[in-house]
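Within every chain, numbering begins at 1; the chains are lettered A, B, ... in the order of the sequence lines, protein sequences first and strands thereafter.
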Amino acid sequence: MFFSHNSVSKIIMNKNIDTKKIIISNPLKLDCGKEINNFPIAYETYGELNSEKSNAILVFHALTGDQYVSGKNPITNKDGWWSYVVGENKPIDTNKFFVICANVIGGCMGSYGPNAINVSTGKQIGTDFPIITINDMVNAQYELIKYLEIDKLFAVVGGSMGGMQVLQFVANFPDKAKLAIPIACTSSHSAQNIAFNELGRQAIMADSKWENGFYSNYKLNPDKGLAVARMAAHITYLSEKGLQEKFGRKLQDRDSLRYGFEADFQIESYLRYQGSVFVDRFDANSYLYITRAMDYFDLSKQYKGNLSDAFKKTKTKFFVISFTSDWLYPTSENREIVIALNSIGADVGFVEIESDKGHDSFLLDVPSFLKTLGDYINSTYKIINERRI
Amino acid sequence: MKEEFNIISNLIEKNTRVLDVGCGNGDLMKFLQENRTKDIRGLEISKEKVQNCLSKGLTVIEGNAESDLKQFPKSSFDYVILSQTLQAFLNPELVINELLKVGKKVIVTIPNFGYWRVRLQLLFKGTMPVTENLPHEWYNTPNLHMCTIKDFYNFCSTKNIKIFKSIALKKSRISEINESNLNYKNLDSHLGIFLIES
């Protein structure tokens with residue numbers, strides 16, 4: 001049914017979102033060689049910064065996330081993407097912590113991205129937007145931390161691409177966070193993950209409405225391609241067991257097969273729905289740019305093949321978390337981060353959480369994850385503050 | 001338990017770097033953190049126990065001593081502790097070697113299978129011993145390689161492992177083990193505690 005969404009209005013692009021935004025005037029030299037300046041970073045904050053400025057937590061979002069971590073997302077009117085983790089009386093309790101989350105550059109929720117308007121032409125930048133990397137995203141967000149006048153964050157936290165940003169942040173700014181929690185991520189994007197991202201990009205670029213990335217000039221949107229990209233990606237976020245238990249071979253609103261290509265099976269209908277709601281909130285070019293940034297991520301390569309060197313200068317405490325059924329960012333890849341940290345005697349804790357919800361586990365209601373994460377953050381906050389006194 | 005913790009704690013110099021292998025729910029780590037050093041890490045195989053430790057803010061890694069000790073550099077800890085776990089490994093000799101690599105000194109504690117109460121059970125009842133310290137039945141015990149104080153003592157001398165200190169524990173009574181009282185301590189103690197170095 002989502003294929004009837006051809007003329008869906010791009011609420012994100014067209015609606016004037018009342019979002020917090022700063023303009024970064026400092027020039028930012030990107031990994032691709034280009035330089036950007038006077039660019040916007042959209043962000044949201046939750047809770048209050050205490051007088052010592054010691055309770056700030058920077059949350060990094062994943063591929064299709066945004067700055068709306070908790071509460072109601074004003075764009076989608078749904079709960080923020082990490083509502084299970086961040087909020088009042090949640091594991092990251094906003095009664096206690098000041099939580100900051102920024103839309104990454106390349107994103108489409110108000111930060112500088114391909115859907116930004118080029119003032120000289122009055123048109124969207126489209127694929128004239130420079131290629132960005134995880135390193136660029138993190139450097140841009142550091143400007144926000146400077147703007148907020150926070151000298152040292154209590155923690156940097158994120159899952160998936162958010163976890164990659166956590167690793168890059170500590171490597172770039174070794175004395176700016178006391179605690180780092182990379183969740184369900186990797187230090188180097190694997191061939192399998194590059195392959196899935198490429199599949200998504202090809203789906204978008206194969207859509208005739210993509211127009212080489214300048215679809216907005218023609219008032220078009222490559223919704224079919226973007227929806228297919230999302231459907232394929234969505235499968236990688238789940239586990240075989242989870243899919244089988246939730247859907248099995250159950251039929252969608254029918255008692256028997258129809259002998260056609262409609263969504264006979266519930267899983268088909270579910271994926272089509274996921275695709276259709278996604279195109280309403282996400283920009284196809286952003287999807288291209290952000291997946292590219294993930295593919296380019298290889299932290300050990302940045303340090304001449306030695307991942308440990310990325311963390312040599314830091315005293316930051318680490319807590320690495322993976323999930324048993326996550327085959328996209330499997331435990332083995334998370335463990336490599338732990339091994340690199342241990343080999344230089346860094347302070348690192350690690351646990352693999354039992355869950356059959358796949359990679360998406362970090363976003364979902366997985367009680368042992370939520371409890372361990374919350375207890376760890378609160379105990380560590382207490383220990384660090386006691387030590388200072 | 002408390003006596004064992006005290007003995008271990010007294011073997012450790014203040015403000016040194018410690019790794020507790022098989023740290024369980026982190027009770028010993030907490031005890032040492034309060035009494036000896038803040039710089040303490042744990043390695044534990046059970047997810048649930050690792051989660052308990054992390055919940056308390058302890059730095060613990062989920063992993064297996066037989067395969068995961070390798071990731072720590074040589075002599076990266078002043079002390080590595082293995083408390084009542086040696087008997088549960090598939091290959092205790094390999095684990096001891098790994099511990100001696102990672103730690104400058106190693107503290108190993110051993111539930112003594114030579115304790116007279118244990119011996120009597122086998123001798124008179126003719127069944128595998130079940131005691132306060134060894135509470136499992138033969139069919140569900142995690143203990144694969146039980147040994148006695150004397151076994152471990154002999155193992156160290158055969159493998160040229162230096163024993164700095166060896167302590168026998170019976171209930172809360174603490175005594176030193178030496179060459180001449182070895183047979184007696186092996187009969188009359190429920191726990192042996194060894195401070196060793198390669």
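- Ranked by heavy-atom pairs under 4.5 Å with chain B, the list A:Gly374, A:Ala340, A:Gly345 is led by A:Gly345.
- Counted within 6.0 Å of CD on A:Glu245, heavy atoms from surrounding residues, nucleotides or ligands total more than 12; the atom is thus considered enclosed.
- Heavy-atom pairs under 4.5 Å with chain B were tallied for A:Leu341, A:Asp347, A:Ile339; the largest tally goes to A:Asp347.
- Test A:Thr324, A:Thr372, A:Ile353 against B:Lys47 for side-chain contact (heavy atoms from CB on, under 4.5 Å) and you get one pass: A:Thr324.
- Residue contact with chain A, scored on non-hydrogen atoms closer than 4.5 Å, involves the backbone of B:Lys56 exclusively.
- For A:Phe98, there are no ring pair (Phe, Tyr, Trp, His ring centres under 6.0 Å) partners, not counting sequence neighbours.
- The neighbour count for B:Lys165 NZ, taken as heavy atoms of other residues, nucleotides or ligands under 6.0 Å away, does not exceed 12.
- Crowding of B:Phe72 atom CZ: a count of heavy atoms from other residues, nucleotides or ligands under 6.0 Å exceeding 12.
- A:Ser343 approaches B:Pro73 most closely through the heavy-atom pair O-CG, 3.1 Å.
- Listed here is the closest heavy atom pair of A:Ser379 and B:Ser55: OG-O, 2.5 Å.
- With a 6.0 Å radius and a threshold of 12 heavy atoms from other residues, nucleotides or ligands, B:Glu197 has its CD atom above the threshold.
- The environment of CD in A:Glu240 is sparse: at most 12 heavy-atom neighbours from other residues, nucleotides or ligands sit within 6.0 Å.
- Interface remark: B:Leu43 contributes no atoms to any contact with chain A (heavy atom separation under 4.5 Å).
- In terms of non-hydrogen atom pairs under 4.5 Å with chain B, the most contact-rich of A:Phe319, A:Phe318, A:Tyr381 is A:Phe319.
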Should A:Ile383 and B:Lys38 be marked as a side-chain contact (heavy atoms from CB on, under 4.5 Å) after you check the CA-CA gap, both sets of side-chain angles, and the distance that decides it?
CA-CA 10 Å; A:Ile383 291 166; B:Lys38 298 277 176 240; over 6 Å; no

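- Of all heavy-atom pairs between B:Ile61 and A:Val348, the closest is CG1-O, 3.4 Å.
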Determine whether B:Gln51 and A:Asp375 satisfy the following criterion, side-chain contact (heavy atoms from CB on, under 4.5 Å), listing intermediate values before the conclusion.
CA-CA 9 Å; B:Gln51 285 166 29; A:Asp375 288 349; over 6 Å; no

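- Within 6.0 Å of the OH atom in B:Tyr184, the count of heavy atoms belonging to other residues, nucleotides or ligands does not exceed 12.
- Of all heavy-atom pairs spanning B:Leu58 and A:Tyr376, the tightest one is O-CE1, 4.3 Å.
- No part of B:Asn52 comes within reach of chain A, as not one of its non-hydrogen atoms sits under 4.5 angstrom from that chain.
- Remark: A:Lys313 NZ is loosely packed, at most 12 non-hydrogen atoms of other residues, nucleotides or ligands lying under 6.0 Å away.
- Under a cut-off of 6.0 angstrom, the local environment of NZ in B:Lys170 is crowded, with over 12 non-hydrogen atoms contributed by other residues, nucleotides or ligands.
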